[in-house]
Amino acid sequence: MTDPTAPPFPATQRAGFSSGFGVLAATLGSAVGLGNIWKFPSLTGANGGAGFLLVYLLATLLIGLPVMMAEIAIGRQARANPITALVALSPRRQPWWLIGVAGMVAAFLISSFYSEVVAWVFAYVAKALRGSLLSSDPAVTEAAFQALITDPVQSLLWQWGVLAFIGGILLLGVTKGIEAITKKLMPLLFVLLLLLCAFSLTLDGAAQGLAFLFLPDWGKITAPVVLTAMGLAFFKLSIGMGTMMTYGSYFGNDQNIPATATRVMAADLCVSMLAGIAIFPAVFTFGFAPSAGPSLVFITIPAVFAQMPFGQVLMAAFFVLTAVAATGAMLSLMEVPVVTLHERWGLSRPRATVLTLVLLMVVGAGCALSQSTLAGFQPGGRTLFNWADYVSSNLLLPLGGIFIALFAGWAWGADNFRRALSNQGTLHNGALARAIVWVLRWVSPPLILAVMLRGLDLI
Ligand code: PHE
């Protein structure tokens, strides 16, 4: 008779991250992404500076970190893709594996629109290196951006190029692909970011930029802003769709899960704040309004760099930095379907990678062409790009988060979960583990439900 508590795939048969630094680099690589460069700084600035930061921190502590720890613990315990992991750990054949199915759908939807934004970033790296973006007139940089996104051939080719690049890394495997590349990219990211920050802080508008980012404006902390902060915590930490479960399945048995998750969260927060420190002093120095989203990155920033000494070099550094951040996030997004197809459908890993790549090229094309050929196709008032973003961020991630919290807090069994968090009792973190279980049972699910209802405009 087989032991029901034994992992479905013995650890020796599966690849994994080979060192503590590799674990940290890959997991941080997933968390750090486009979210740090344009979502976090502009949302913080626009929603009350230090006040928003505080709310974001609370949301991270009450939702983000516990759910992240739960995902990693589930993945490591089962040493399998999210669907297999949830089948293996569920009591009495309860259908918790549906979380894994929803996660697969979310991975496809997020990858298809995210890869298009990453495509623009890669296109901008090329443009910045050629120096073709250098104009201090935002009307010119806006025209350049529009020309790129409304050209169906360029949009599609850049997106497919990005997907093929990420697929190529995944073909090298978990250790030689994901881990090896993120170990190189993460230090590069910090170096570039610190250089840009140091430069930005020497500019005349530094004080104004820092005030925009950090000065608390408590009047702006309204209920919708609190909920926005919680939604951001989800997206930022790549939780609610099985990414962290998948990466958790590559963690070594001796990895301290609560400590690693906390480090990743803290380092991710640092990157977001440094990105803000790099961006806003420059934006204010040259008299621009701090806009949000794609227009900040693709229209305002090129115009700002055009006015700086060494503008071309700094702009190239900025877009390379953004491309580096996005690469780690894309790797983790695509790894979820790759490992699931590999383990559940018995495809070899290379075949699973190629199949994921082809499927993403097809599904992603809908998002790539949303600004051009398919711009008029807006069922329900949204382009396919906006639908993919809306359904994944506002429905699938929060739903996944609620059920992951409920699974870890109740269904899996508090004892099993606590044992996993303490590495079978070798770490003496009993009080912490009990607190995490308590939060996952009683605090996270109702809070996440509030985020979701808000995201769907129901409250
Ligand atoms: N955390 C990534 C970012 O900030 C986005 C992401 C979400 C990546 C979900 C993987 C899974 O950009």
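Model, not experiment: these values are computed from the prediction. Just so you know, ligand 1 is whichever comes first in the structure, and atom 1 is the first atom listed for that ligand.
Aromatic ring pairs are classed by plane angle as parallel below 30°, tilted from 30° to 60° and perpendicular above 60°; the pair Y247 and F17 is perpendicular. Relative orientation of the F318 and F305 rings is tilted, given thresholds of 30° and 60° on the angle between their planes. Using cut-offs of 30° and 60° on the angle between ring planes, the pair F284 and F280 is tilted.
Ring-centre distance between F122 and F319: not below the 6.0 Å cut-off.
Interface of T243 with ligand 1, defined as ligand atoms under 4.0 Å from a residue heavy atom, comprises 11 (C). Interface of A31 with ligand 1, defined as ligand atoms under 4.0 Å from a residue heavy atom, comprises 1 (N), 2 (C), 3 (C), 4 (O). Distances below 4.0 Å separate heavy atoms of S332 from the following atoms of ligand 1: 10 (C). The ligand atoms of ligand 1 that sit less than 4.0 angstrom from a heavy atom of S30 are 1 (N), 2 (C), 8 (C). Short contacts between ligand 1 and Y114, defined as distances under 4.0 Å to a heavy atom of the residue, involve ligand atoms 2 (C), 3 (C), 5 (C), 12 (O).
The residue from S392, A106, S238, G328 that puts a heavy atom closest to atom 6 (C) of ligand 1 is S238.
The protein atom (non-hydrogen) at minimum distance from atom 7 (C) of ligand 1 is F235 O, 3.5 Å. Of all protein heavy atoms, the one lying nearest to atom 4 (O) of ligand 1 is K236 NZ, 2.5 Å.
Under the 4.0 angstrom criterion for non-hydrogen atoms, M241 is in contact with ligand 1.
Taking 4.5 Å as the limit, some side-chain heavy atom of I448 sits within range of a side-chain heavy atom of F234. In this structure, the side chains of R76 and N253 come closer than 4.5 Å at one or more pairs of heavy atoms.
Checked by distance only, ligand 1 and V32 stay at 3.5 Å or farther apart across all their nitrogen or oxygen atoms. Close N/O approach between G35 and ligand 1 is found [any backbone or side-chain N/O within under 3.5 Å].
Summarising the local packing, CH2 of W412 is surrounded by more than 12 heavy atoms from other residues, nucleotides or ligands at distances under 6.0 Å.
K236 places a side-chain N or O within donor-acceptor distance of the main-chain N or O of A31, the cut-off being under 3.5 Å.
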